[in-house]
Number of protein chains: 2
Amino acid sequence: MPKPDVDPTVSLDLRVDRSSPVPLYFQLSQQLEAAIEHGTLTPGSLLGNEIELAARLGLSRPTVRQAIQSLVDKGLLVRRRGVGTQVVHSQVKRPLELSSLYDDLEAAGQRPATKVLVNTMVPASPAVAAALGVTEGGDVHRIERLRLAHGEPMAYLINHLPPGLLDLGTDQLEATGLYRLMRSAGITLHSARQSIGARGATAAEAERLAEAEGAPLLTMQRTTFDDTGRAVEFGDHTYRPSRYSFEFQLLVRP
Amino acid sequence: MPKPDVDPTVSLDLRVDRSSPVPLYFQLSQQLEAAIEHGTLTPGSLLGNEIELAARLGLSRPTVRQAIQSLVDKGLLVRRRGVGTQVVHSQVKRPLELSSLYDDLEAAGQRPATKVLVNTMVPASPAVAAALGVTEGGDVHRIERLRLAHGEPMAYLINHLPPGLLDLGTDQLEATGLYRLMRSAGITLHSARQSIGARGATAAEAERLAEAEGAPLLTMQRTTFDDTGRAVEFGDHTYRPSRYSFEFQLLVRP
DNA sequence: TAGTGGTCTAGACCACTGT
DNA sequence: CAGTGGTCTAGACCACTAG
């Protein structure tokens with residue numbers, strides 16, 4: 001038999017709604033992604049070829065390719081020339097995102113609490129000025145927050161923001177995360193440069209985080225840029241390693 | 001004046017070679033990327049519209065779009081509907097890669113040295129078996145390496161690999177990095193799941209890394225997958241934080 | 001050799017942006 | 001309003017892989 005396996009997408013009831021404002025390729029990619037997530041498309045299975053799929057859905061091949069490509073970019077599918085397109089084996093969860101500690105905690109069901117200890121304007125130090133691309137000594141926002149989970153200190157967060165970007169109400173900062181505030185202010189986060197390290201706690205850090213002096217701390221410094229490349233935030237964070245670690249999935253650039 | 005600024009790409013001498021096996025969109029994207037890197041295309045400058053660019057190069061618009069899209073994906077360009085395509089402001093270096101400590105050190109000009117301390121087959125522990133997707137107690141490679149820079153210990157690397165994947169010569173492992181060995185064995189690295197944390201050094205770790213017991217260490221655990229989703233490596237690494245930190249750039253998923 | 005994805009064309013219409 | 005990117009079509013030829 002030339003074709004012992006059947007195209008698994010035929011049993012999928014794929015449909016597109018041409019009256020919808022949602023792009024056709026996006027409708028298709030969402031349905032395929034849902035089928036993969038749901039297990040209807042099993043790992044390793046070969047999708048039928050693009051031409052046939054396009055014909056079956058009444059779409060052009062480039063549109064179908066665009067849908068498939070978006071899933072390849074997400075790491076859910078693999079294309080092999082001369083072979084076909086197949087669902088990636090095993091556990092690919094979500095790719096790396098610009099993670100927010102607040103959202104991480106909330107996703108883990110930890111109901112984070114935030115204490116804002118400092119929320120004021122200060123002259124930019126040389127390091128802050130360099131990171132944010134503002135003039136040294138010019139005004140910048142400075143925020144210091146203690147993040148708690150289950151009533152225990154988890155992280156101490158120092159952030160600097162350029163002036164005029166955002167109204168930073170202390171009550172808002174205690175109710176949600178900084179990234180969420182920026183997004184709802186219309187800022188499109190685009191990229192970030194991060195540095196993750198470790199060091200022993202200073203006396204002041206130990207005090208803040210209820211650790212002993214010299215205890216290991218996890219540190220992160222991050223500069224975040226919006227979609228025009230402008231620096232919108234510079235953070236200097238310390239975490240209690242017993243309470244927090246960085247977990248993420250990377251995709252290799254092809 | 002309706003058009004005070006000129007299209008900066010006209011002065012760029014963009015050309016494509018249709019006899020080359022290199023795809024046209026790739027030729028174009030490389031030239032644009034080089035111009036951005038080189039500073040010929042300055043941050044914030046607007047590229048001329050796609051139709052005109054396509055006409056000037058004798059390409060179709062989809063081909064030009066494909067070239068531009070690849071640079072948007074890299075974070076070098078931003079498209080705005082109704083506005084145009086512009087070069088991102090400020091410092092966007094390279095996006096996140098699946099970094100190899102060996103390559104990182106070499107790039108920093110540190111000429112890393114590696115001492116292989118263990119290179120053998122062992123039965124898979126429950127954790128290793130789960131990470132690699134092999135049966136518990138089945139044979140797996142175990143490697144332990146001490147990575148040095150300037151003669152000083154920098155990291156202690158424990159790795160497990162599924163059997164039959166790779167010939168692991170101790171001399172090869174001392175001459176280069178594990179990822180490079182895997183790539184040259186035809187393995188296409190695709191994704192990895194990482195966890196970065198910190199903890200105090202145990203007595204054994206302190207001994208290996210020439211640190212004091214309880215000194216802060218930076219830790220990483222990583223499972224790497226190839227392009228079929230198969231786990232090809234599980235690493236458990238400890239770093240001296242005074243000598244190493246993780247630096248990377250993230251792109252936000254749109 | 002047959003079938004696959006990879007690339008490319010020459011159009012078209014629409015949605016959004018700024019003036 | 002004019003100009004931009006966003007989407008889509010209906011083809012075409014090529015390179016690679018497998019049997």
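Here is the naming used below: chain letters follow the sequence lines, and residue numbers restart at 1 for every chain.
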Between dG5(C) and Thr85(A), is there an OP1 or OP2 to side-chain N/O distance shorter than 4.0 Å? yes
Rounded to whole Å, the CG-C1' distance (Leu24(B) to dC13(D)) equals 13 Å
Check this one for me: any side-chain N or O of Arg79(B) less than 4.0 Å away from OP1 or OP2 of dG6(D)? yes
Once you round it to whole Å, what is the distance between P of dG6(C) and CD of Gln69(A)? 7 Å
Any donor-acceptor pair under 3.5 Å from Asp226(B) side chain to Val232(B) backbone: no
Keeping Gln194(B) on the side-chain end and Met220(B) on the backbone end, is there a donor-acceptor pair under 3.5 Å? no
Option from Thr223(B), Val140(B), Ile143(B) for which side-chain contact (heavy atoms from CB on, under 4.5 Å) with His160(B) holds: Val140(B)
In whole angstroms, the gap separating C1' of dT7(C) from CG of Leu28(B) amounts to 14 Å
Separation of atom CG in Leu57(B) from atom P in dA10(C), rounded to whole Å: 13 Å
For dG3(C), take OP1 and OP2 only and decide whether either is under 4.0 Å from a side-chain N or O of Arg80(A). no
Sugar-phosphate only, base, or nothing, as touched by Arg61(A) at under 4.0 Å among non-hydrogen atoms: base
Applying the 3.5 Å cut-off to both distances, the Watson-Crick or G-U partner of dC14(D) turns out to be dG5(C)
Is a salt bridge present between Arg61(A) and Glu52(A), judged by a nitrogen-to-oxygen distance below 4.0 Å? no
In whole angstroms, how far is the C1' atom of dT9(C) from the CZ atom of Arg65(A)? 15 Å
Atom-pair distance (CG on Leu77(B); P on dG6(D)), nearest Å: 12 Å
What is the nucleic acid contact for Ile51(B), judged by heavy atoms within less than 4.0 Å: base, sugar-phosphate only, or nothing? nothing
Starting at the 5' end of DNA chain D and moving along, which residue's nearest nucleotide shows up first, Val83(A) or Glu50(B)? Glu50(B)
So, does Tyr25(B) get its side chain near the phosphate of dT7(C), meaning an N or O under 4.0 Å from OP1 or OP2? yes
On the nucleotide dT9(D), are OP1 or OP2 found under 4.0 Å from the side-chain N or O atoms that Thr63(A) carries? yes
Counting any heavy atom closer than 4.0 Å, what does Pro21(B) reach on the DNA or RNA strands: base, sugar-phosphate only, or nothing? nothing
Distance below 4.0 Å between Asn49(B) side-chain N/O and dG3(D) OP1 or OP2: no
Less than 4.0 Å between a side-chain N and a carboxylate O, is that true for Glu174(B) and Arg145(B)? no
Assuming nearest nucleotide by heavy-atom distance, tell me which of Arg81(A) and Gln66(A) is located more 5' along DNA chain D. Gln66(A)
